[in-house]
Amino acid sequence: MDLLDDLNPQQLAAVTLPDEPALILAGAGSGKTRVLTTRIAWLIQTGRVGPAGVLAVTFTNKAAREMLTRIESMLPINTRGMWVGTFHGLCNRLLRAHHRDAGLPQTFQILDVQDQLSSIKRLIKAANVDEERCPPRELQFFINSAKESGRRAADLSAGGHDRRWIELFAAYDAQCQREGSVDFAELLLRSVELLTRQQALREHYQERFRHILVDEFQDTNALQYRWLKLLAGKTRPIFAVGDDDQSIYRFRGANVGNMSDFQREYDVRQVIKLEQNYRSHGNILDAANQLIGNNVRRMGKRLWTDAGPGEKLRLFEAGSDGLEAAWIVEEVRDLQRHGARLLDIAILYRANAQSRVIEHALFNSGLAYRVYGGLRFFERAEVKHALAYLRLIANSDDDVSFARVVNFPPRGIGARSVEQLQQAARAAGTSLFGAIAAVGGRAGASFAQFSKLIGELRAAAAGQSLAELVEETIERSGLMAHYRGEKDGADRAENLAELVNAAAGFVREQESDTGAGVPVAGDAGAQPSASVHDAALHSFLAHAALEAGDNQAGAGQDALQLMTVHAAKGLEFDTVFLTGLEEGLFPHENSLSEADGLEEERRLMYVAITRARRRLNLSFAQSRMLHGQTRYGLRSRFVDELPAKTITALTPRLRAGFATAAEAGPYETRGSAWRRSDWPAGAAGNGSGHGAGAEQGTGLRIGQGVRHARFGDGVVVRLQGSGSDARAQINFGAFGVKELLLAVAKLQTS
DNA sequence: GGAGACTGCGTTTTT
DNA sequence: CGCAGTCTCC
C-alpha cells in the first residue's frame with residue numbers, strides 16, 4: 001500500500017493504530033502533519049470510515065488548509081463531507097447549522113478581538129462605570145478567561161471577583177445576545193452548551209464522527225478539551241497529536257495538562273513517540289535535547305537524526321544591539337555569497353520591539369526583509385470599516401458596526417447625536433438602528449439619511465454578486481472617496497479595492513468546494529438560509545472574522561524572514577539567527593515570577609532552536625536600547641545550558657567591554673575555533689544612530705577602550721546626545737563610571 | 001469635527 | 001525611544 005511507504009516504524013504504528021484513543025508525542029520535525037493526514041487517508045482507504053465520519057481539528061486556518069491539501073493529494077476523494085478546520089471554524093459551522101437550538105440568529109456576527117473590545121467599551125460607558133476602575137482590556141481578559149474555562153457570569157461567585165465585574169460580564173453577554181454577536185470564546189462555549197444540553201444532537205454527532213483527530217493538542221484549553229470530549233462521547237476514539245515540549249501558549253489559556261488528563265481519562269494504552277527528526281542536523285538536535293532536558297515537567301522525548309552532526313552552532317557576543325544587527329547583516333551577506341536565498345533565512349527574537357534595530361540595519365544594508373506579525377488584512381482599519389457597512393447590510397441591529405461607521409467617513413454625526421440615539425435605543429429596548437425614527441431634529445435627519453444609505457445598499461444587493469455588493473458599498477458609503485482624498489490614503493484605497501477581489505475569490509472558492517467554516521445546509525437539523533445572496537454575504541463576513549488573512553502580500557519573494565519565536569512555531573529554515581539571548585529578555589523577566597514561567601521560556605527556546613535545518617546562529621548584546629534607555633544584559637542562562645561541544649564562539653575584534661569584564665560573571669568562551677572577526681569598515685557606525693545613540697560622529701562606540709589624562713584607562717559603556725552635546729559614560733574601573741562631554745574631555749582611543 | 005499636543009506604557013497572541 | 005490613545009483647542 002503506497003500510502004504507508006517510507007513511514008518509519010513509529011509513524012507507521014501511529015497511522016495504523018486500531019480504533020482506540022491514542023496520544024502521539026510528536027517531536028519537532030518528526031513528520032507530525034504527515035502522520036495526521038496519512039492516518040486520515042488510511043482510515044478512509046481501508047474503509048474504516050467514510051469522509052463524512054472524520055473530524056480533524058487544528059488551531060490555525062493554515063494548518064487546516066495544509067491538511068486538506070495533503071489528504072486530497074493522497075486520495076482521489078471529495079473532502080466535502082469531511083469536517084476539517086479550526087476549533088472556531090468548526091464551531092461556527094455547528095452553530096450556523098443549529099442556530100435555533102443554540103439560541104442565536106442565523107445571521108450572528110463574529111466579533112474579533114478588536115470588535116469585542118469596542119463592544120466592551122461601549123458597555124462600560126453605557127453602564128456609567130469609570131474606565132479607570134474597570135479597564136476595558138482587563139474586563140475583556142476576565143470575560144474571555146472565564147469563558148475559556150467554561151464559566152459564565154452566573155457560574156462565578158462574588159468571592160474572589162469584584163461583583164461589578166461579574167455584573168458587567170453578564171451585561172456584556174446580554175448585549176451580545178441582543179445584537180446577535182458572538183466572540184471567539186463564545187463560539188466554543190455556545191457549542192459546548194449546545195452539545196451538553198441537546199442529547200439528540202450530541203448523539204447524532206457522536207454517531208457521525210467515528211474518528212476525531214486533534215493537532216497541536218498541547219495548545220488546547222479547558223473548553224476545547226470539553227468540546228472534544230462531548231463529540232467523542234464514550235466510544236469514539238480521539239487521536240491526539242502534540243508535543244508538550246512545544247507548549248508555549250499557556251499565557252493564552254492553553255493547558256498542557258490536557259495531555260496527561262487525556263491519557264488518564266481515556267486510559268490511553270500506548271503513547272507513541274515520534275522522535276526521529278527529519279529537519280535538523282545533529283548538533284542542533286543535541287543542543288535542543290540538552291536544553292529541554294533542564295525542564296522537570298515533561299512527558300519525555302529525545303530527538304535524533306541520521307543526518308550527521310552538520311555544522312556547529314555559532315555564538316556571537318555583540319557590544320550592543322546595533323552591533324548585533326550589523327553582525328547579522330554581515331553574516332547574511334556572507335551566506336548570500338555562498339548562494340543562500342534570503343527566503344531560507346530567519347531572524348528570530350523574543351519580543352517584537354527587538355525587530356526595530358534589526359530592521360534599521362537591514363534597511364540601510366539594502367537587504368530585502370519581511371516582518372511577520374503586523375496587522376493582517378482583515379484587521380486593517382479601512383477593511384474593518386468596509387466590513388462594518390457590510391455587516392449593517394446583513395444585520396442592521398449590529399450596534400458594534402453601527403457605532404463604527406455611522407460617522408465614518410464623517411457625515412456630521414457627532415458624539416452628542418450618537419448619545420441621543422443610544423438613549424432612545426435604551427428606552428425603547430431596540431438597537432441603535434431601530435431607534436433612528438425616535439430621534440428628531442437635525443440629528444434625526446442625519447440618521448435617517450444614513451439609514452437610507454444602508455437600506456438602498458441592501459436593496460441593491462439582491463441583484464448583485466458579492467463582489468459587486470462590496471464594490472458598491474465602499475463607493476456609496478464614501479469610504480473610497482475618503483481615502484482617495486487623504487494624502488496618505490493610497491494604500492488604504494488599495495486595500496479596499498483588494499477587498500473586492502477577496503470577495504470575488506471567496507465566492508469562487510465556495511463554488512469549487514466547501515471549505516471549513518462555511519455554513520452547510522444538509523447537516524442534521526440545518527435550517528435553510530433566507531436567500532442565496534444573504535448566505536454568501538454571511539459566509540464572507542464569518543470568513544473575514546475567523547481568518548484574519550495573510551499578514552501581507554509578497555510572501556513568496558526572496559526576503560529575510562523576521563518574526564518572534566512564537567510566530568516561528570511550525571516553520572523551518574535553513575539558517576536561523578536567534579537574537580537577544582540575554583537574561584531578562586530571553587528568558588523574559590516577567591516570566592520568572594510566574595509558576596512554570598521559566599520552563600515555558602525554555603520550551604520557547606527549544607522551539608526556536610528546532611526551527612533550524614542546517615545553521616543556527618545565536619547572539620546576544622552587552623547593551624540594548626529598551627524603553628528609551630540602555631540596559632546591560634547578561635548572557636542568557638539558556639546559552640549556558642547548551643552543550644559546549646556543539647558551539648563555536650565568535651568574537652568581535654574589540655572584546656574589552658564593561659559588561660564583559662566587570663559584570664558578566666563566568667564568561668569564559670567555550671568552543672574552540674575563535675573566528676578572526678572581519679568587521680567591515682564602519683560597521684560600528686552602521687549599527688549606530690539606533691541602538692547606541694550617538695556612536696556616529698564621535699568616533700567612539702560601546703565597549704571601546706579609551707584613555708583619559710586623569711582617570712586612566714576606561715571602557716565606553718554608553719553614548720548619548722550628538723554634536724557638541726555628545727556625551728559618553730565611561731567606566732574607569734577604580735574611578736568609577738564617569739559621564740564626560742566629548743567636546744571637552746580629551747580622550748585617546750586605545 | 002478634526003488636527004496637533006500630551007500622556008503613559010512597553011512579552012509572547014494560532015482564533 | 002516610539003506608539004497609541006486621550007485631551008485640547010481652533
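Within every chain, numbering begins at 1; the chains are lettered A, B, ... in the order of the sequence lines, protein sequences first and strands thereafter. Computed over heavy atoms, backbone and side chain alike; hydrogens, waters and symmetry mates excluded.
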Subject >> Under 5.5 Å and under 30°: A:Phe251 stacked on B:dT12 >> reply: yes
**OP:** Go through the side-chain N and O atoms of A:Gln246 and A:Tyr606 and say whether any donor and acceptor fall under 3.5 Å apart.
**Re:** no
Subject >> Check: A:Val565 and A:Leu578 side chains under 4.5 Å, non-hydrogen atoms >> reply: yes
Original post:
Touch check for A:Thr58, heavy atoms < 4.0 angstrom, all strands: base, sugar-phosphate only, or nothing?
Top reply: nothing
Original post:
What is the distance from CD of A:Gln140 to C1' of B:dT13, rounded to the nearest Å?
Top reply: 12 Å
Original post:
In terms of the nearest nucleotide of DNA chain B, which residue is placed more toward the 5' end: A:Tyr249 or A:Glu594?
Top reply: A:Glu594
Original post:
Taking the six-membered ring of A:Phe141, is NZ or CZ of A:Arg137 closer than 6.0 Å to its centre and within 45° of its axis?
Top reply: no
**OP:** Output yes when at least one side-chain N/O atom of A:Thr60 is less than 4.0 Å from OP1 or OP2 of B:dT15, else no.
**Re:** no
Original post:
Among the nucleotides B:dT13, B:dT15, B:dT11, which one has an atom lying closest to any side-chain atom of A:His627?
Top reply: B:dT11
Original post:
Of all of residues 187-195 of chain A, which get a heavy atom below 4.0 angstrom from DNA chain B, listed by number?
Top reply: none
**OP:** Could you check whether the rings of A:Phe408 and A:Tyr483 sit parallel, tilted or perpendicular, using 30° and 60° as the cut-offs?
**Re:** tilted
Original post:
What is the distance, rounded to the nearest whole Å, between atom CG of A:Leu375 and atom P of B:dT13?
Top reply: 13 Å
Original post:
Which glycosidic conformation, syn or anti, is assigned to B:dT11 if syn requires a torsion within 90° of zero?
Top reply: syn
Subject >> Side-chain N or O of A:Arg376 closer than 4.0 Å to phosphate OP1/OP2 of B:dT15 >> reply: yes
Subject >> Distance-only polar pair, side chains of A:Asn144 and A:Gln116, donor-acceptor under 3.5 Å >> reply: yes
Original post:
Strictly by modelled atom types, are A:Arg65 and A:Asn61 linked by a side-chain donor-acceptor pair under 3.5 Å?
Top reply: no
Subject >> Whole-Å gap separating P (B:dG10) and CG (A:Leu585) >> reply: 16 Å
Original post:
Between the side chains of A:Asn92 and A:His88, does any donor sit under 3.5 Å from an acceptor?
Top reply: no
Original post:
Separation of A:His566 atom NE2 from B:dT15 atom P, in whole Å?
Top reply: 15 Å
Original post:
Between atom CG in A:Leu223 and atom C1' in B:dT15, what is the gap in whole Å?
Top reply: 13 Å
**OP:** With a 4.0 Å heavy-atom cut-off, tell me which residues in residues 600-610 of chain A come close to DNA chain B, sorted by residue number.
**Re:** A:Glu601
**OP:** Can you tell me, in whole Å, how much space there is between the C1' of B:dT12 and that of C:dG5?
**Re:** 22 Å
Original post:
Aromatic rings A:Phe506 and A:His543: how do their planes relate, parallel, tilted or perpendicular, breaks at 30° and 60°?
Top reply: tilted
Subject >> Side-chain H-bond candidate by donor/acceptor type, A:Tyr172 with A:Asp183, under 3.5 Å >> reply: yes
Subject >> Atom pair CZ (A:Phe577) and CD (A:Glu324), whose distance is rounded to the nearest 0.5 Å >> reply: 10.5 Å
**OP:** Could you grab the distance from atom CG of A:Leu223 to atom CZ of A:Phe87, nearest 0.5 Å is fine?
**Re:** 9.5 Å
**OP:** Give the rounded distance in Å between these two atoms: CZ of A:Arg250 and C1' of B:dT13.
**Re:** 15 Å
Original post:
Between B:dT11 atom P and A:Arg137 atom CZ, what is the distance in whole Å?
Top reply: 13 Å
Subject >> Rounded P spacing from B:dT13 to C:dA4 in Å >> reply: 15 Å
Original post:
Of the nucleotides B:dT15, B:dT11, C:dC1, which has the atom closest to the A:Leu546 side chain?
Top reply: B:dT15
**OP:** Ignoring backbone atoms, test whether A:Asn352 places a side-chain nitrogen or oxygen under 4.0 Å from the OP1 or OP2 oxygen of B:dT12.
**Re:** yes
**OP:** In whole angstrom, give the distance that lies between atom NE2 of A:His543 and atom P of B:dT15.
**Re:** 12 Å
Subject >> Per-pair stack call A:His588 and B:dT11, 5.5 Å, 30° >> reply: yes
Original post:
Closer to the 5' end of DNA chain B via nearest nucleotide, is it A:Arg350 or A:Val113?
Top reply: A:Arg350
**OP:** Classify the angle between the aromatic ring planes of A:Phe378 and A:Phe540 as parallel (below 30°), tilted (30 to 60°) or perpendicular (above 60°).
**Re:** perpendicular
Tabulate protein N/O versus nucleotide N/O from nucleotides 1-8 of chain B, keeping only pairs under 3.5 Å, one per line.
{"unit_1": "B:dG1", "atom_1": "OP1", "unit_2": "A:Ile413", "atom_2": "O", "d": "3.4"}
{"unit_1": "B:dG1", "atom_1": "OP1", "unit_2": "A:Gly414", "atom_2": "N", "d": "2.4"}

**OP:** Please report the C-alpha distance between A:Asn407 and A:Val418 in whole Å, then the side-chain angles of each, then the deciding distance to 0.1 Å, and finally whether the side-chain contact (heavy atoms from CB on, under 4.5 Å) criterion is met.
**Re:** CA-CA 9 Å; A:Asn407 194 39; A:Val418 174; 5.9 Å; no
